[in-house]
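To start, the structure under review is shown below, and the notes come after it.
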Amino acid sequence: MYNNRTKINALLTGDNIDFETTVMGWVRTFRNNQFIAVNDGSTNNNIQVVIALDLLDDATQKRITTGACIKATGQIIASLGKGQKVELKATSIEILGDSDAEKFPLQPKKHSLEFLREIAHLRFRTNTFGAIFRVRHSLAFAIHQFFNDKGFVYLHTPIITGSDAEGAGEMFRVTTLPIDGTAAKNDDGSINFKEDFFGKSTNLTVSGQLEGELAALAFSDIYTFGPTFRAENSNTARHLAEFWMIEPEVAFNDLEDNMNLAEEFIKYIINYALVHNKEDIAFLAQRLEEEEKQKPVADRSEMGLQQKLDFVVNNNFERLTYTEAINILKNSNHNKKKKFQYLIDEWGTDLQSEHERYLVEKHFKKPVILTDYPKEIKSFYMRLNEDGKTVAAMDILAPGIGEIVGGSQREERYENLVARMKEMNVPPEELDFYLDTRRFGSCVHAGFGLGFERLVLFVTGMTNIRDVIPFPRYPKSAAF
RNA sequence: UCCUACUUAGCUCAGUUGGUUAGAGCAUCUGACUGUUAAUCAGAGGGUCGCUGGUUCAAGUCCAGCAGUGGGAGCCA
């Protein structure tokens with residue numbers, strides 16, 4: 001057996017001392033020709049491996065460089081120095097993989113997030129990204145646990161989709177046809193997709209919602225959790241071309257049930273990370289605090305990361321309608337003093353980022369659920385309210401992130417749905433399979449989509465979405 | 001996609017009104033020290049100033065185009 005090592009996390013958190021063991025991991029620093037800080041990714045903390053001055057010959061000692069992979073065997077003892085409880089007093093050191101210090105880009109010093117993004121294949125080996133991706137893992141695990149405990153079915157919706165009317169943005173085309181212009185054409189000059197792999201035009205999915213609804217009207221409660229793709233030319237710190245989305249869909253839920261589920265869900269998974277990733281979140285909180293110190297006092301956030309997460313878990317989200325939000329904004333001093341770039345005057349226009357931020361960060365200072373938007377600015381599948389003007393939509397806005405959840409009670413009435421599709425120029429014949437759910441045993445149901453990376457942003461306190469997914473895809477970038 | 005700022009050593013940044021051989025800190029290398037905590041001390045090496053073109057006796061510095069990155073906006077999750 002080769003892998004007879006003990007994980008560093010187990011050694012640092014355990015109570016045992018004075019026993020022999022082996023660790024394997026990557027060198028972070030080598031101090032004083034005696035102390036090697038080794039990390040294996042099981043925790044943000046390193047174990048200190050202590051080597052006697054005569055243990056290694058000079059040539060071997062020089063190979064202990066930042067980034068090298070080593071195997072160290074020896075006694076776990078109570079540390080003789082300050083700064084750590086235990087340390088490994090080595091009886092043997094083996095270099096498993098050399099790392100040329102002149103060429104290895106990560107050095108024991110501060111690096112900018114922009115630089116680390118260029119070497120995303122190596123950034124896992126930093127404290128910050130180690131913490132981020134352990135938290136990301138925990139959040140993903142908690143999502144499955146939450147829904148499983150509630151009896152939801154985890155539904156795998158297709159990644160390649162044949163319907164191009166999902167209505168959530170530009171799509172990436174999937175094809176095996178030649179791209180040099182020699183693909184078979186129809187008489188009118190358009191591409192003949194009957195010759196394509198699937199015999200029709202196909203794309204990467206932008207949402208699993210429509211398929212999710214099909215399954216919800218059989219299992220009652222389902223959720224999806226998978227990658228989604230948007231070919232929008234969005235160059236922001238909040239958008240990716242490939243991102244992961246969680247989409248629950250629940251039969252017999254109305255809009256209020258939907259809000260309750262979303263709020264409970266967000267609190268559950270944040271709390272899971274708070275409990276299971278204490279050290280990682282503490283590290284990220286400290287990192288954020290140091291970053292905040294660089295900013296002017298006025299721009300600093302009032303709460304630290306830890307406080308912010310505790311606050312969200314322990315307080316109710318503010319719920320109000322679009323109409324109420326418009327009134328608050330219209331009567332705000334901010335609006336009267338004309339501090340908004342876009343002044344609020346008309347009911348019916350969509351809220352700008354600055355308005356959402358004002359509501360969340362200045363007025364309520366907590367997550368906000370906005371409901372009942374004008375039908376004109378929302379999708380065709382959202383249920384028309386009794387007033388005939390608004391739809392049963394809900395968006396959850398988070399401080400610092402903006403929209404984190406978008407959801408609605410779905411239009412379950414066949415005639416209304418078809419009418420809305422025609423209004424919004426969605427051809428009903430292309431979504432005939434979807435309309436079948438309304439033809440056969442339709443029922444009240446609701447669901448929402450939560451952008452996983454935006455949640456990871458919120459929990460880690462990071463500000464750029466490209467730093468919370470291992471290998472980010474965005475316009476002009478698909479490295480690694 | 002739009003607005004705006006930036007791009008100089010491996011990294012983070014200085015570089016004045018255009019003017020001799022482009023600097024610092026960290027990292028790296030060499031040596032010293034040896035219970036260190038991103039160790040410390042001494043010394044050394046390291047540059048196509050984003051790319052392309054232009055103005056000028058002379059361009060890191062001025063102008064234009066392109067690219068990339070940051071911040072803001074739009075689209076949204």
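Residue numbers begin at 1 in each chain, while the letters A, B, ... track the order of the sequences.
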Could you check whether any side-chain N or O of S477(A) sits under 3.5 Å from a backbone N or O of Y474(A), counting only pairs where one atom can act as donor and the other as acceptor? no

By the Watson-Crick or G-U definition, both distances under 3.5 Å, G68(B) is matched with C6(B)

A32(B) and A22(B), which share atom name C1', separated by this distance in whole Å:
32 Å

note: D350(A), atom CG; A77(B), atom P; distance rounded to Å ~ 11 Å

- Base, sugar-phosphate alone, or nothing: which one does Q48(A) contact when heavy atoms must sit under 4.0 Å apart? base

Notebook entry, point to check: Is the cationic atom of R230(A) (NZ for Lys, CZ for Arg) positioned less than 6.0 Å from the six-membered ring centroid of F243(A) and within 45 degrees of its normal?
Noted result: no

What interatomic distance, in whole Å, is found between P of G72(B) and the corresponding atom of G65(B)? 26 Å

Rounded to whole Å, the CZ-P distance (R123(A) to G10(B)) equals 22 Å

Taking the same atom, P, in U40(B) and in G25(B), what whole-Å distance lies between them? 14 Å

Taken to the nearest whole Å, CG/L116(A) to P/C11(B) is 11 Å

Contacts of F30(A) and T66(A) projected onto RNA chain B by closest heavy atom; the upstream (5') one is T66(A)

Contact class for E87(A) (heavy atom, under 4.0 Å): base, sugar-phosphate, or nothing?
base

- Message: On the nucleotide G74(B), are OP1 or OP2 found under 4.0 Å from the side-chain N or O atoms that Q352(A) carries?
- Response: yes

Self-check item: Under-3.5 Å donor-acceptor pair between H111(A) side chain and C11(B) base
Solution: no

### Message
Counting only side-chain nitrogens and oxygens, does Q107(A) get under 4.0 Å of the OP1 or OP2 atom of C26(B)?
### Response
no

Rounded to whole Å, the CD-P distance (E453(A) to A77(B)) equals 14 Å

L240(A) near the nucleic acid: base, sugar-phosphate alone, or nothing, with a heavy-atom cut-off under 4.0 Å? base

* Asked: Quantified in whole Å, what is the P atom distance between nucleotide A77(B) and nucleotide A39(B)?
  -> 46 Å

Heavy atoms only, 4.0 Å cut-off, all strands: where does I404(A) land among base, sugar-phosphate and nothing? sugar-phosphate

> Can a donor-acceptor pair under 3.5 Å be found between the side-chain atoms of S234(A) and the base atoms of C76(B)?
Replying inline: no

Separation of C29(B) atom C1' from Q61(A) atom CD, nearest Å, is 16 Å

Under 3.5 Å donor-acceptor, N9(A) side chain and T43(A) backbone
no

Would you mind classifying the nucleic acid contact of Q34(A) as base, sugar-phosphate or nothing, using non-hydrogen atoms under 4.0 angstrom? base

Gap in Å between the two C1' atoms, one belonging to A27(B) and one to U69(B), rounded:
23 Å

| field | Between C63(B) and C26(B) - C1' atom distance, rounded Å | value | 36 Å

Practice task
Kindly indicate whether a cation-pi arrangement holds for K330(A) with W347(A), taking the cut-offs as under 6.0 Å to the six-membered ring centre and within 45° of the axis.
Solution key: no

To the nearest angstrom, the CD-C1' distance between E403(A) and A77(B) comes to 6 Å

Which of A39(B), U37(B), A77(B) is nearest the side chain of K82(A)? It is U37(B)

Checking N1-N3 plus N6-O4 or O6-N4 for Watson-Crick, or N1-O2 and O6-N3 for wobble, each under 3.5 Å, the partner of U1(B) is A73(B)

In short, I8(A) meets S42(A) closest at the heavy-atom pair N-OG, 3.5 Å

Is it true that a side-chain atom of T224(A) and a backbone atom of H156(A) form a donor plus acceptor pair closer than 3.5 Å?
no

Partner of U56(B) under the Watson-Crick or G-U wobble criteria, both distances under 3.5 Å, comes out as none

### Message
Can you see whether E247(A) engages S207(A) through a side-chain donor-acceptor pair at a distance of less than 3.5 angstrom?
### Response
yes

### Between U21(B) and G46(B) - C1' atom distance, rounded Å
16 Å

Worksheet item: Would you call R319(A) and E263(A) a salt bridge, taking side-chain N to carboxylate O under 4.0 Å as the test?
Response: yes

- [ ] Please check the phosphate of U36(B) (OP1 and OP2 only) for any side-chain N or O of R31(A) closer than 4.0 Å.
- [x] no

Review point. Which part of the nucleic acid, if any, lies within reach of K378(A) when heavy atoms closer than 4.0 Å are counted: base, sugar-phosphate only, or nothing?
Key: nothing

Exercise. Answer yes or no: is there a side-chain heavy-atom contact under 4.5 Å between F448(A) and M394(A)?
Key: yes

Q) Could you walk me through whether T157(A) and E211(A) pass the side-chain hydrogen bond (donor to acceptor under 3.5 Å, both in side chains) check? A) CA-CA 6 Å; T157(A) 51; E211(A) 289 90 346; 5.6 Å; no

**Asked** Is the shortest side-chain N/O distance from K62(A) to OP1 or OP2 of U28(B) below 4.0 Å?
**Response** no

For this session: Please state whether the base of C76(B) and the side chain of R454(A) form at least one donor-acceptor pair under 3.5 Å?
Result: yes

inquiry  = Measuring only the C1' atom in each nucleotide, how far is C57(B) from G18(B)? A whole number of Å is fine.
reply    = 12 Å

Charged N-O contact under 4.0 Å between D254(A) and R410(A): no

- Side-chain donor or acceptor of Q84(A) under 3.5 Å from a matching atom on the base of U37(B)? yes

Exactly one candidate in T205(A), T161(A), I160(A) meets side-chain contact (heavy atoms from CB on, under 4.5 Å) with V174(A); the answer is I160(A)

- Query: Would you call K375(A)-E423(A) a salt bridge at under 4.0 Å N-O?
  - Reply: yes

To the nearest angstrom, the NE2-P distance between H239(A) and U1(B) comes to 15 Å

- Has F35(A) got its ring stacked on G35(B), by the test of a centre gap below 5.5 Å and a plane angle below 30°? no

Donor-acceptor pair under 3.5 Å, R28(A) side chain vs A38(B) base:
no

Q. Base, sugar-phosphate, or nothing for T228(A), non-hydrogen atoms under 4.0 angstrom?
A. nothing

Next on the checklist: Between D221(A) and K150(A) (salt bridge meaning N to carboxylate O under 4.0 Å), is one present in this structure?
Outcome noted: no

* To do: Indicate whether OP1 or OP2 belonging to G74(B) is found under 4.0 Å from a side-chain N or O atom of T236(A).
  => no

Heavy-atom nearest nucleotide on RNA chain B taken for P105(A) and for T65(A); more 5' hit belongs to P105(A)

Set out, line by line, the N/O atom pairs under 3.5 Å between protein and nucleotides 69-71 of chain B.
{"residue": "G70(B)", "atom": "OP1", "partner": "R117(A)", "partner atom": "NH1", "Å": "2.1"}
{"residue": "G70(B)", "atom": "OP1", "partner": "N464(A)", "partner atom": "ND2", "Å": "3.4"}
{"residue": "G70(B)", "atom": "OP2", "partner": "R466(A)", "partner atom": "NH1", "Å": "3.1"}

Just the table, please: protein N/O against nucleotides 43-47 of chain B N/O, every pair under 3.5 Å.
none

By the Watson-Crick or G-U definition, both distances under 3.5 Å, G18(B) is matched with none

With the side chain defined as heavy atoms from C-beta on, S112(A) is closest, among C11(B), A73(B), C76(B), to C11(B)

A27(B) -> Watson-Crick or G-U wobble partner, both distances under 3.5 Å, gives none

Using Watson-Crick geometry (N1-N3 plus N6-O4 or O6-N4) or G-U wobble (N1-O2, O6-N3), each under 3.5 Å, U40(B) is paired with A32(B)

Against the side chain of R238(A), the closest entry in A39(B), A73(B), G10(B) is A73(B)

